[in-house]
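All values below come from the heavy atoms of this structure, side chains included, with hydrogens, waters and symmetry mates left out.
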There are 2 protein chains.
Amino acid sequence: MKIGEAAKATNLPIKTVRYYADIGLVAPDGRGANGYREYDETAVEKLRFVGRARSFGFSVPECAELLSLYEDKTRASADVKRIAEAKIVALDAKLAELHELRDELARVATACAGDSRAKCAILDRFSKV
Amino acid sequence: MKIGEAAKATNLPIKTVRYYADIGLVAPDGRGANGYREYDETAVEKLRFVGRARSFGFSVPECAELLSLYEDKTRASADVKRIAEAKIVALDAKLAELHELRDELARVATACAGDSRAKCAILDRFSKV
DNA sequence: ATAAACTTTCCAGTCACAGGAGACTCAAGC
DNA sequence: GCTTGAGTCTCCTGTGACTGGAAAGTTTAT
């Protein structure tokens, strides 16, 4: 199939599919006589794989690593587990901080009277003027 | 305090602090006679807030909006409250998304044997939609 | 036959920084 | 007083992961 169809099938922008081909992350099956990229089911499968991994917060180099693990079925799954667990630790830290930020913002919101007065206790604390 | 100390206090790279000053996101308190940026506790507080907000995917313009809650005393508090509450909704959505991501990743990581066997639930999960 | 849609390459721009050069300033040690 | 090293300044370029657009060729539908 051509790049447009592959893009639709993987739910990725055409530009992104082309970009992945350019950087050698997911190469198309080959080129047609007209020079068009040809994607077979395997390539589409890899694109889907990468798309999902990216949405999980893996960088492109990490995706390349995962993809190589994916391609080489004989490799130990411990490698994949190690990468995933490192990612979970980072996510937990992010979650904790996000909660903190959310609560801080909520404090600001509740401290606001919500009327037309330009007075806000917490804002006063931060404002220097 | 000078930029290095401010950077250390906020756990941000010096380059980033300078960048925020350049684009007017978090201006230093002023400049010393030698031209060095001077940061007071208010500026440091803002840097900390921005640092956290940025790490959750809030763009710089969005951070500017969040900061305006602290900075703009002339804004009616109803507006402040409205903006704050909209951001809280966005934060909650982000929280939920991250939670989902984290749990999904944790689930497949535990399912992954982590030994030398070729089968890995993580990779399966990526490839099976 | 022609128009619309699709694909190609190439180049520029984006966002939020990061790296490095070259010059200036400051505090400490000799 | 001088040197050394660390810290800071501005300016310029590079990065990651795309995204947009131009100009040209190809395919498909009417």
Side-chain angles (χ1 to χ4, degrees), chain A residues 1-40 43-44 46-68 83 87 90 94 97-98 101, chain B residues 1-40 43-44 46-67 90 94 101 126:
Chain A
M1 68 181 84
K2 283 178 291 182
I3 197 170
E5 202 183 340
K8 207 166 280 180
T10 57
N11 215 25
L12 289 171
I14 288 186
K15 280 278 188 181
T16 299
V17 176
R18 209 173 272 131
Y19 173 71
Y20 288 164
D22 285 350
I23 64 173
L25 181 61
V26 179
D29 190 36
R31 296 283 184 134
N34 48 20
Y36 287 12
R37 290 172 184 81
E38 259 303 317
Y39 288 87
D40 61 356
V44 167
K46 287 180 189 171
L47 282 174
R48 239 182 242 125
F49 177 94
V50 168
R52 184 145 183 98
R54 286 283 301 126
S55 84
F56 271 65
F58 288 94
S59 71
V60 163
E62 281 171 329
C63 285
E65 194 178 356
L66 282 168
L67 203 53
S68 80
I83 294 171
K87 213 67 198 170
K94 241 177 190 324
E97 276 186 78
L98 184 49
L101 181 69
Chain B
M1 66 182 86
K2 283 179 291 182
I3 197 169
E5 201 183 341
K8 207 165 282 181
T10 57
N11 216 26
L12 287 172
I14 287 187
K15 280 278 187 182
T16 300
V17 176
R18 209 173 273 132
Y19 173 71
Y20 288 163
D22 286 350
I23 65 173
L25 180 61
V26 178
D29 191 35
R31 296 281 184 135
N34 47 18
Y36 287 11
R37 290 171 184 81
E38 260 301 320
Y39 288 87
D40 60 357
V44 168
K46 288 178 189 173
L47 283 174
R48 246 182 235 122
F49 187 91
V50 168
R52 264 177 286 138
R54 283 289 302 124
S55 81
F56 310 130
F58 281 90
S59 70
V60 164
E62 281 172 330
C63 287
E65 196 179 358
L66 285 167
L67 269 184
K94 203 111 192 130
L101 192 80
F126 284 152

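The residue among B/P13 and B/K2 whose nearest nucleotide of DNA chain C lies closer to the 5′ end is B/P13. If B/K8 and B/D22 are placed on DNA chain D by their nearest nucleotide, the residue sitting closer to the 5' end is B/K8.
OP1 and OP2 of D/dT8 both lie 4.0 Å or more from every side-chain N or O belonging to B/R31. Put simply, B/R18 has no side-chain N or O that comes within less than 4.0 Å of OP1 or OP2 on D/dT8. Of the side-chain N and O atoms in A/S59, none sit less than 4.0 angstrom from OP1 or OP2 of D/dG16. Between D/dC9 and B/R37, a contact under 4.0 Å exists linking OP1 or OP2 to a side-chain N or O. Dashed line: the shortest gap from a side-chain N or O of A/N34 to OP1 or OP2 of D/dT27 is under 4.0 Å.
A straight line from CZ of B/F58 to C1' of C/dA16 spans 16 Å, rounded to a whole angstrom. Summarising the geometry, the separation between CD on B/E38 and P on C/dC26 is reported as 12 Å, rounded to the nearest angstrom. Rounded to whole Å, atom P of D/dC9 lies 17 Å from atom OH of B/Y19. When rounded to the nearest whole Å, the span between CD1 of A/I14 and P of D/dC18 equals 15 Å. Atom pair B/I3:CD1 and D/dG7:P shows a separation of 13 Å (rounding to whole Å applied). In this structure, the OH atom of B/Y39 is 17 Å from the P atom of D/dG7, given to the nearest Å. We find that CE of A/M1 is positioned 16 Å from P of C/dC6, with the value rounded to whole Å. When rounded to the nearest whole Å, the span between CD of A/E5 and C1' of D/dT27 equals 14 Å.
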Apply side-chain contact (heavy atoms from CB on, under 4.5 Å) to A/T16 and A/L47, showing your working. CA-CA 10 Å; A/T16 299; A/L47 282 174; over 6 Å; no
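Distance NZ/B/K2 to CZ/B/R37: 13.5 Å, rounded to 0.5 Å.
Among C/dA16, C/dG20, D/dC18, the nucleotide with an atom closest to any side-chain atom of A/V60 is D/dC18.
Judged by distance alone with a 3.5 Å cut-off, a donor-acceptor contact links the side chain of A/Y36 to the base of D/dG25.
As judged by a 4.0 angstrom heavy-atom cut-off over every strand, B/Y20 is placed among residues touching the sugar-phosphate backbone only.
Summarising the geometry of B/C63 relative to B/F58, their closest heavy-atom pair is SG-O, 4.0 Å, with the distance given to 0.1 Å. Residues A/V26 and A/A43 come closest through the heavy atom pair CG1-O, 3.8 Å.
Here the side chain of B/E38 pairs a donor or acceptor atom with the backbone of B/M1 at under 3.5 angstrom.
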